[in-house]
There are 2 protein chains.
Amino acid sequence: MQNTKPTSKMFLDIVGELRLMIKAEGIEVGDKLPSERVLAERLQVGRSTVREALRSLELLGLIETRRGEGTFLADFKKHQLVEVLSPFIMQQTGSAKDARDTRIIHEKAAIQSICSDSRKQKLPVWKSLLMKLAEEGSVLREDIVREMIVATDNRLSLKIWFLLKQYSRVPYGKMTEVKENQIVSTLLEQLIEGHVFEALNAYERWIEEIEGEE
Amino acid sequence: MQNTKPTSKMFLDIVGELRLMIKAEGIEVGDKLPSERVLAERLQVGRSTVREALRSLELLGLIETRRGEGTFLADFKKHQLVEVLSPFIMQQTGSAKDARDTRIIHEKAAIQSICSDSRKQKLPVWKSLLMKLAEEGSVLREDIVREMIVATDNRLSLKIWFLLKQYSRVPYGKMTEVKENQIVSTLLEQLIEGHVFEALNAYERWIEEIEGEE
DNA sequence: GTTCGAAAAGTGGTCTGACCACTCATGTCT
DNA sequence: AGACATGAGTGGTCAGACCACTTTTCGAAC
């Protein structure tokens with residue numbers, strides 16, 4: 001019986017078994033896993049126990065289940081891990097200031113990353129944003145920042161930033177002030193030139209301009 | 001009936017409900033959650049459904065379950081999450097790099113924050129670390145970096161860093177090379193002096209020394 | 001023979017009820 | 001007062017039963 005393992009968590013064993021099975025049978029991303037009923041019989045456990053393990057893996061984004069079809073090995077790129085974890089982390093951490101500071105950390109890191117990128121592959125993005133800013137006189141703040149993070153090609157950072165953005169309700173709307181337009185133009189120009197210090201300087205002035213009293 | 005929600009995943013809703021409940025009832029880390037049977041009745045779902053959600057959260061390390069006692073809100077120190085996820089993450093090329101890059105983002109941000117702190121309240125920490133390094137000839141790498149993040153007084157950043165640290169299998173153990181000791185000494189000295197550029201420079205050399213070929 | 005549609009099989013989603021093993025508080029007996 | 005037995009409460013697991021959905025099968029109509 002499985003009752004001889006009082007200490008270990010059954011469903012954790014199942015998770016391990018599944019991992020071994022995936023490897024042993026050469027199941028690739030997108031392939032179908034054995035059905036819950038088959039797994040239960042093969043592993044000699046109840047179906048509900050199998051389900052607890054599968055639901056855990058699903059929450060992690062390791063598998064994908066489609067009713068009526070089956071369970072499939074998922075592309076881990078799409079993990080909603082950060083989404084699930086963040087509410088708890090934010091709740092236990094609690095500080096709005098931390099959320100803001102951390103968001104800024106990622107935004108600054110993006111600027112530094114962009115300026116250090118010798119290949120300058122993302123140049124067209126900044127130039128088009130700069131042009132749009134000059135023509136229309138206004139751009140969504142969020143678009144600019146998001147493009148910066150996207151440009152770093154770090155999905156994890158992007159996810160974290162996206163979530164933090166929601167926790168620190170920043171006026172990410174349209175820009176109205178002429179002064180702000182000038183600052184952002186400077187920021188973009190420095191990004192294009194790859195001048196880290198100047199770009200960061202412009203960014204900090206921008207933050208100051210937006211959030212003002214802090 | 002709950003059957004009117006064919007699209008959404010029931011157990012994901014439960015996860016959300018639990019989060020709300022935790023917040024509403026002010027459940028702190030270490031506190032006991034309602035029993036599975038109570039939760040099932042209160043949320044008007046079957047016990048097995050509740051369990052699927054709870055097992056998921058347990059795998060994430062957000063809750064801790066003790067047979068015969070109950071379910072408790074955990075401070076995810078027990079991260080079996082990592083053991084489960086690491087094999088999958090390492091397979092997906094992009095994920096591991098993102099985790100490492102993001103971790104370094106937070107570490108660098110900590111250095112910048114410390115150097116910019118005009119009050120220099122954390123000076124004693126660096127001095128004691130520096131002394132310990134000189135006396136014992138070796139310190140745990142992790143201790144140094146952790147102290148840096150702690151010094152920023154940003155608990156959210158600390159939590160994120162802590163999670164990321166586990167995924168990037170970095171030799172966070174003891175330092176052995178004399179050269180590394182010198183680099184870290186330099187880093188600490190520059191932290192004390194508040195020289196951002198020099199500190200970051202030392203940090204980058206450190207990373208290079210540790211991780212070598214990259 | 002081909003095509004179309006209904007039935008069947010397979011699968012995940014959920015609920016119920018039943019045990020088991022364990023912990024803890026309660027109360028009883030010595 | 002202390003030691004021990006008991007019962008309530010809780011998580012762990014299982015079996016069986018539906019439901020909703022998708023895919024396959026297969027036979028009837030053309």
Side-chain angles (χ1 to χ4, degrees), chain A residues 1-18 21-22 25 27 30-74 78 80 84, chain B residues 1-18 21-22 25 27 30-74 78 80 84:
Chain A
M1 297 300 177
Q2 66 287 347
N3 297 338
T4 58
K5 301 179 181 179
T7 54
S8 68
K9 302 282 185 177
M10 202 56 190
F11 85 100
L12 282 181
D13 294 346
I14 305 289
V15 169
E17 297 272 8
L18 285 174
M21 183 178 298
I22 288 171
E25 304 191 2
I27 298 176
D31 289 354
K32 189 170 174 301
L33 271 61
S35 75
E36 298 179 350
R37 290 168 177 86
V38 170
L39 284 175
E41 190 181 7
R42 194 188 300 188
L43 300 178
Q44 285 293 293
V45 296
R47 190 182 156 209
S48 41
T49 305
V50 171
R51 279 186 62 81
E52 290 181 8
L54 288 177
R55 266 352 95 216
S56 299
L57 293 179
E58 182 175 2
L59 190 67
L60 292 181
L62 294 176
I63 62 174
E64 185 183 353
T65 55
R66 296 196 285 270
R67 165 187 277 183
E69 299 183 54
T71 307
F72 304 84
L73 189 58
K78 296 187 286 185
Q80 64 254 56
V84 176
Chain B
M1 295 300 177
Q2 67 288 345
N3 297 338
T4 57
K5 299 180 181 179
T7 54
S8 68
K9 301 281 184 178
M10 203 57 188
F11 85 100
L12 283 182
D13 295 346
I14 305 287
V15 169
E17 297 274 7
L18 285 174
M21 183 177 298
I22 288 171
E25 304 191 3
I27 298 176
D31 289 354
K32 190 170 174 301
L33 271 62
S35 75
E36 297 178 351
R37 291 168 176 86
V38 171
L39 284 175
E41 190 181 6
R42 194 188 299 189
L43 300 177
Q44 285 293 291
V45 296
R47 189 181 158 211
S48 45
T49 306
V50 171
R51 279 185 62 82
E52 290 180 8
L54 288 178
R55 266 354 95 215
S56 300
L57 293 179
E58 182 174 1
L59 190 66
L60 286 180
L62 293 174
I63 62 173
E64 186 182 353
T65 308
R66 295 196 285 271
R67 164 186 277 183
E69 297 183 56
T71 306
F72 303 84
L73 187 58
K78 300 283 188 300
Q80 61 269 58
V84 177

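Just so we're on the same page: letters track the sequence lines, and every chain starts at 1. No hydrogens, no waters, no symmetry mates; every other heavy atom, side chains included, goes into these values.
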Classify [X] by what it touches in the nucleic acid, base, sugar-phosphate, or nothing, heavy-atom distance under 4.0 Å.
X       : result
A/Thr65 : sugar-phosphate
A/Arg37 : base
A/Arg66 : sugar-phosphate

Using whole Å, what does the distance between atom [atom2] of nucleotide [N] and atom [atom1] of [X] come to?
X       : N      : atom1 : atom2 : result
A/Glu52 : D/dT13 : CD    : P     : 7 Å
A/Arg55 : D/dT13 : CZ    : C1'   : 17 Å
B/Arg51 : D/dC14 : CZ    : C1'   : 11 Å
A/Gln44 : D/dG12 : CD    : P     : 21 Å
A/Leu59 : C/dG13 : CG    : C1'   : 16 Å
A/Phe72 : C/dG10 : CZ    : C1'   : 12 Å
B/Glu64 : C/dT23 : CD    : C1'   : 15 Å
B/Glu36 : C/dC20 : CD    : P     : 18 Å

(message) Taking side chain to side chain contact (heavy atoms under 4.5 Å, CB included) as the definition, give me every residue that meets it alongside B/Glu25, ordered by chain and number, with sequence neighbours left out.
(response) B/Met21, B/Ile27, B/Arg42

(request) Using the test side chain to side chain contact (heavy atoms under 4.5 Å, CB included), find all partners of A/Ser48 that sit at least two apart in sequence or belong to another chain. (result)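 Per chain and number, A/Ser48 pairs via side chain to side chain contact (heavy atoms under 4.5 Å, CB included) with no residue.
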
What protein N or O atoms touch nucleotides 3-9 of chain D N or O atoms at under 3.5 angstrom, if any, and at what distances?
| unit_1 | atom_1 | unit_2 | atom_2 | d |
| --- | --- | --- | --- | --- |
| D/dG9 | N2 | B/Gly68 | O | 3.0 |

Using the test side chain to side chain donor-acceptor pair (under 3.5 Å), find all partners of [X] that sit at least two apart in sequence or belong to another chain.
X       : result
A/Glu17 : none
B/Thr65 : B/Arg55, B/Glu58
B/Glu41 : none

(message) Using every non-hydrogen atom in the two residues, find where A/Leu39 and A/Pro34 come nearest and quote the distance to one decimal.
(response) CD1-O, 3.6 Å

(message) Distance criterion of 3.5 Å, no angle test: do you see the side chain of B/Arg47 paired donor-to-acceptor with the base of C/dG17?
(response) no

(request) On DNA chain C, check which nucleotide each of B/Gly46 and A/Leu54 is closest to and give me the residue with the more 5' one. (result) A/Leu54

(message) With a 4.0 Å cutoff (strictly under), does any side-chain N or O of B/Ser48 reach OP1 or OP2 of C/dG13?
(response) no

(message) Just N and O in the side chain of A/Thr71: are any of them under 4.0 Å from OP1 or OP2 of C/dG12?
(response) yes

(request) For a side chain to side chain contact (heavy atoms under 4.5 Å, CB included) with A/Leu62, tell me which candidate from A/Leu73, A/Leu18, A/Leu57 qualifies. (result)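 So the option named by the test is A/Leu57.
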
